[in-house]
Amino acid sequence: MSKTDGKLIANNKKAYHDYFILETYETGIVLHGTEVKSLRMGKCSIKEAFIRIEDGEMYLYGMHISPYEKGNIFNKDPLRVRKLLLHRKEIDKIFGKMKEKGMTVVPLKVYFKQSLVKIEIGLAKGKKLYDKRDDIAKKDQRREAEREFKVKNF
C-alpha cells in the first residue's frame, strides 16, 4: 500500500494465494452514504468478490458491506453490485488482457485515500496446485530462516 496515505479497510489475502498478480490498478467505487459510514467502521469483506466487465463498464460482485446500524431505511443491500470507476482506456486495456487464457481481474484491497474509498484491483493469472505448494514451501523456509536468525542473535 505504498501509494496510499489512508486507512486499510479490507485486504484479500486469498487472491495472492490463488493468483499471480501481474498488474495493479487503483479504482474508485460508486457507494451510497450509509455504505461509506459502515466502511469507516471497517465492516467490509472482499474474500468472495469478483469483477466483470459488462457493456464497457466494470462491476464488482460479492463485496459485502455490513448495513450501518443507525441507517434504518437508508441502508442498501449488503451484497449489491457496485460500479467501479476507471477511464475508458484503462477498461479497454484490461478487457483486452482478460481475453487471454487464464487471465482474470480480482479485488485486492479496499482503503481510504484522503476521504475517498478506493479499491486496488489486480490483473491476475490463476495458479496451479503445484505453484501453491511451492509458495507454501518457500514461506515455510523463510519463516525457519528468520527463526534461526532470531535465535542466533540473542
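The first residue in the sequence is number 1, and the count goes up from there.
- Atom CD of Glu120 and atom OG1 of Thr24 lie 4.5 Å apart (nearest 0.5 Å).
- Under the 3.5 Å distance criterion, the side-chain polar atoms of Asn12 are matched with a main-chain donor or acceptor of Pro107.
- Using a 4.5 Å heavy-atom cutoff, the side chains of Leu31 and Ile65 are in contact.
- In terms of the side chain to side chain donor-acceptor pair (under 3.5 Å) criterion, residue partners of Asp135 (sequence neighbours excluded) are, by chain and number, Lys127.
- With sequence neighbours excluded, no residue forms a side-chain contact (heavy atoms from CB on, under 4.5 Å) with Asp55.
- Remark: Met98 CE to Met103 CE distance equals 9.5 Å, nearest 0.5 Å.
- Among residue pairs with one or both ends in residues 37-50, those qualifying as salt bridge (Lys or Arg N to Asp or Glu O under 4.0 Å) are Lys14-Glu48, Lys43-Glu69; sequence neighbours excluded.
- Here Tyr16 is tied into one hydrophobic group with Tyr19, Ile21, Val106, Leu108, each link being a pair of ILVMFWY side chains closer than 4.5 Å.
- In the hydrophobic clustering of ILVMFWY residues, with side-chain heavy atoms under 4.5 Å counting as a link, Leu22 and Ile121 come out together.
- Residue pairs that meet the ring pair (Phe, Tyr, Trp, His ring centres under 6.0 Å) test with at least one member in residues 33-52, sequence neighbours left out, are Phe50-Tyr61.
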### Message
Does Val105 form a side-chain contact (heavy atoms from CB on, under 4.5 Å) with Met58? I'd like the steps, not just the answer.
### Response
CA-CA 10 Å; Val105 179; Met58 286 186 106; 4.1 Å; yes

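- Taking the side-chain contact (heavy atoms from CB on, under 4.5 Å) definition, one finds that Lys99 meets it with Phe95, sequence neighbours left out.
- Heavy-atom minimum distance, Ile9 versus Gly42: CG2-CA, 4.2 Å.
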### Message
Could you walk me through whether Ile136 and His17 satisfy the side-chain contact (heavy atoms from CB on, under 4.5 Å) test, starting with their C-alpha distance in whole Å, then the side-chain angles of each, then the deciding distance to 0.1 Å, before giving a yes or no?
### Response
CA-CA 9 Å; Ile136 292 169; His17 181 263; 4.1 Å; yes

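- Glu144 is linked by a side-chain contact (heavy atoms from CB on, under 4.5 Å) to Arg147, Glu148, counting only residues two or more places apart in sequence or in another chain.
- Partners of Asp18 under the salt bridge (Lys or Arg N to Asp or Glu O under 4.0 Å) rule, at least two apart in sequence or in another chain, are Lys132.
- Phe112 contributes atom CZ, which lies 11.0 Å from atom CG of Leu8 (distance to the nearest 0.5 angstrom).
- Checked against side chain to side chain donor-acceptor pair (under 3.5 Å), Lys118 has no partners two or more places apart in sequence or in another chain.
- For Tyr59, the ring-ring contact (aromatic ring centres under 6.0 Å, His included) criterion is met by no residue, not counting sequence neighbours.
- In this structure, Ser45 contributes its side chain and His64 its backbone to no donor-acceptor pair below 3.5 Å.
- Taking CD1 of Ile119 as the reference point, atom NZ of Lys113 lies at 14.0 Å (rounded to 0.5 Å).
- Applying the side chain to side chain donor-acceptor pair (under 3.5 Å) criterion to Gln141, with sequence neighbours excluded, gives no partner residue.
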Distance-only donor-acceptor hits, side chain of residues 81-89, under 3.5 Å, sequence neighbours excluded:
{"residue": "Arg82", "atom": "NE", "partner": "Glu35", "partner atom": "OE2", "Å": "3.4"}
{"residue": "Arg82", "atom": "NH1", "partner": "Met63", "partner atom": "O", "Å": "2.9"}
{"residue": "Arg82", "atom": "NH1", "partner": "Arg80", "partner atom": "O", "Å": "2.9"}
{"residue": "Arg82", "atom": "NH2", "partner": "Glu35", "partner atom": "OE2", "Å": "3.0"}
{"residue": "Arg82", "atom": "NH2", "partner": "Pro78", "partner atom": "O", "Å": "3.2"}
{"residue": "Lys83", "atom": "NZ", "partner": "Glu57", "partner atom": "OE1", "Å": "2.7"}
{"residue": "Arg88", "atom": "NH1", "partner": "Gly56", "partner atom": "O", "Å": "2.5"}

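- In this structure, Glu26 CD and Leu116 CG are separated by 9.5 Å, a value rounded to the nearest 0.5 Å.
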